[in-house]
**Student:** 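Okay, here's the structure, questions in a sec.
Just the heavy atoms: all of them, side chains too, but no hydrogens, waters or symmetry mates, feed the values below. Naming: A, B, ... by sequence-line order, numbering from 1 per chain.
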Protein chains: 2
Amino acid sequence: MTTALASKQLPLRMKASFPIAVVAKAKAPSPASADKQATGLDELGTAHVVPRGKTVAEEGTPAEYVFKIVSGAFRVVRLLPDGRRSVIDFLLPGDYFGLAENGTYSHSLEVISDASFIRYPKGQLRHLLDSDPRASRRFFNLMCEQLSAAQGRLLMLSRKSAVERIASFILAMADRSQRKNGAIKLPMNRADVADYLGLTIETVSRTLSQLRADKVIELPTACQIVLRDRDRLAAISGDN
Amino acid sequence: MTTALASKQLPLRMKASFPIAVVAKAKAPSPASADKQATGLDELGTAHVVPRGKTVAEEGTPAEYVFKIVSGAFRVVRLLPDGRRSVIDFLLPGDYFGLAENGTYSHSLEVISDASFIRYPKGQLRHLLDSDPRASRRFFNLMCEQLSAAQGRLLMLSRKSAVERIASFILAMADRSQRKNGAIKLPMNRADVADYLGLTIETVSRTLSQLRADKVIELPTACQIVLRDRDRLAAISGDN
DNA sequence: CGGCGCCTTGAATAATATCAACGATAGTGG
DNA sequence: CCACTATCGTTGATATTATTCAAGGCGCCG
């Protein structure tokens, strides 16, 4: 509860200096048929730049768009009526949001670090999927990956201890995230990690401190992690 | 751990009287093109009958088939190396298994109550998806539903208390499951429920007892639940 | 330099797991 | 058909883990 309310609305100093802006408008829409592009999708979307803290899509509002992350980092958030928060996923460049959202968004999409994305009208995407087998196949595979990832997290949340979750998380971020001279750079804060792993801020912090004390990781800053003993981290994580 | 090992292999007395059997072999395979069927898929599969306790697909083995449940109930199971178990989903008639499984199965599919299913070679299904937009769309929507369901469960596992999980579970089963004169008939045992909700057998049992004591439900038998106060159950469940 | 978030750490509490015993039930074999 | 037995379910006592409450420190930005 504390976690949820604390992180519900990040009071970021959002000067108007960095508003949502259409940065590039694509060429004239073509009757999605003879495509040479990877997906034939690119020309349907508009590019946008957004500042940290911005909510790009809001839970409960009509799901009109699908988003493709270009740069930066996002969190996918869902709330319980009493305010408890769950971070369903973190999105990084190349990831999509909204593919499975039907009618209204069941999640909010929030910007963690200054970011940009391409936004596609859902109707047009649907049409493309119906008419272009290549795109259809591509997005079907994307859905498969998302589902697999979600199922992996179900196992984690239902059966893993706090250290195991943290270890798994660090290893996953090590693969996905940016590096800054050897250190993994976490774009999210402790509250986000906590709500992603189903823990509290305090437990996340304590567990990281413990891993540091055990010389498995180093923490140059709060949002940087250096792997000191990857094998042991993998052993702690519990899988394989 | 106790839970996992206890329920890892149900020592059901499996007399040879009820083996897997091909019950119906479909007509000659057609070059999936001019389909009149709902999905054009039916003729690709073979029907099978399986007894309780049987493992129909095993985690780690090549994912050659997709399954459509016809009757009975199944659990989708994933194990941690040390034996801890998670029930990722329960499958009832109309549900599919294996759509997102790539290369090798990342879950086992186990029969909870005597059941039957149709099995489709994955390669042929893929081919159908590539060639038939109707089928493609249908299965894309199925994947969307599965993903949404998984995400809902992520919220539950990461933020809900034991009572809330049990209440949500009962309400969900009330919609999906069979009835037996007014009572919801659970096909699974306590260990399955526990591993599905990320709890222990004992906590599941205690929580159900407590709900009974509070006159929210009745438990005519261990596997039957009568809703006595659906509104209160919904309130307890936490969502909406 | 000052203030505000964010992070860390400690101590007490609450929730759930674990250990253990008993009870109920259903399927088996006599 | 009944009694037996294995399995499953319930309940109690205790242990453990993570949460909650509280305070202080660090770092960043203005």
**Student:** Rounded off to whole Å, could you give me the NZ-to-P distance for the K160(A) and dT16(C) pair?
**Tutor:**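 Roughly 22 Å, once rounded to whole Å.
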**Student:** Quickly work out the R165(B) CZ to dA17(C) C1' distance and round it to whole Å.
**Tutor:**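 Checked: the CZ to C1' distance equals 13 Å.
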**Student:** Measuring to OP1 and OP2 of dT9(C), would you say a side-chain N or O of S205(A) lies under 4.0 angstrom away?
**Tutor:**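 Answer is no, no contact under 4.0 Å.
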**Student:** For D89(B) and Y196(B), run side-chain contact (heavy atoms from CB on, under 4.5 Å): C-alpha distance rounded to whole Å, both residues' side-chain angles, the deciding distance at 0.1 Å, then the answer.
**Tutor:** CA-CA 7 Å; D89(B) 206 358; Y196(B) 181 71; 4.1 Å; yes
**Student:** Whole angstroms only, please: what is the CZ-C1' distance between R84(B) and dT18(C)?
**Tutor:**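 Between C1' of dT18(C) and CZ of R84(B): 14 Å.
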**Student:** The side chain of A222(A) is closest to which nucleotide in this list: dT9(C), dT18(C), dC7(C)?
**Tutor:**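 Between dT9(C), dT18(C), dC7(C), the one nearest the side chain of A222(A) would be dC7(C).
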**Student:** Does any part of the side chain of L157(A), heavy atoms only, come nearer than 4.5 Å to the side chain of M156(B), both counted from C-beta?
**Tutor:**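 M156(B) does not reach L157(A) side chain to side chain.
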**Student:** Under 4.0 Å between a side-chain N/O of T203(A) and OP1 or OP2 of dT19(D), yes or no?
**Tutor:**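 Answer yes for this pair, as a side-chain N or O of T203(A) is under 4.0 Å from OP1 or OP2.
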**Student:** Is S161(B) near enough to dA15(C) that one of its side-chain N or O atoms lies under 4.0 angstrom from OP1 or OP2?
**Tutor:**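 Negative; the distance criterion is not met.
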**Student:** Do the ring planes of Y105(B) and F67(B) sit parallel (below 30°), tilted (30 to 60°) or perpendicular (above 60°)?
**Tutor:**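 The arrangement is tilted - the two ring planes meet at 30° to 60°.
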**Student:** What are the two closest non-hydrogen atoms of A194(B) and R159(A), and how far apart are they?
**Tutor:**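 Minimum heavy-atom contact is O-NH2, 3.2 Å.
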**Student:** May I have the distance from L219(B) (atom CG) to dT11(D) (atom P), rounded to whole angstrom?
**Tutor:**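 L219(B) atom CG is separated from dT11(D) atom P by 9 Å.
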**Student:** Any N or O donor-acceptor pair linking the side chain of R206(B) to the base of dG12(D) at under 3.5 Å?
**Tutor:**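 Checked by distance alone, the answer is yes.
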**Student:** Which residue, R212(B) or V163(A), contacts DNA chain D at a nucleotide closer to its 5' end, judged by nearest heavy atom?
**Tutor:**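 By nearest-heavy-atom nucleotide position, the 5'-most residue is R212(B).
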**Student:** Just compare dT9(C), dC7(C), dC8(D) and give me whichever is closest to any side-chain atom of S209(A).
**Tutor:**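 Among dT9(C), dC7(C), dC8(D), the one nearest the side chain of S209(A) is dT9(C).
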**Student:** To the nearest Å, how far apart are Q210(A) CD and dT17(D) C1'?
**Tutor:**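 To the nearest whole Å, that distance equals 12 Å.
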**Student:** Identify all side-chain donor-acceptor contacts of residues 205-213 of chain B below 3.5 Å with residues at least two apart in sequence or on another chain.
**Tutor:**
from	atom 1	to	atom 2	distance (Å)
T207(B)	OG1	T203(B)	O	2.6
S209(B)	OG	S205(B)	O	3.0
Q210(B)	NE2	D214(B)	OD2	3.4

**Student:** In terms of side-chain heavy atoms of A162(A), which of dA18(D), dC7(C), dT9(C) is nearest?
**Tutor:**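 Among dA18(D), dC7(C), dT9(C), the one nearest the side chain of A162(A) is dA18(D).
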**Student:** Using atom CG of L199(A) as one end and atom P of dC7(C) as the other, report the distance to the nearest whole Å.
**Tutor:**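 Answer to the nearest Å: 15 Å.
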**Student:** Using whole Å, what does the distance between atom C1' of nucleotide dG9(D) and atom CD of E202(B) come to?
**Tutor:**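 Rounded to the whole Å, the gap is 10 Å.
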**Student:** For I112(A) and dC6(C), give me the distance from atom CD1 to atom C1', rounded to whole Å.
**Tutor:**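 The answer, rounded to whole Å, is 15 Å.
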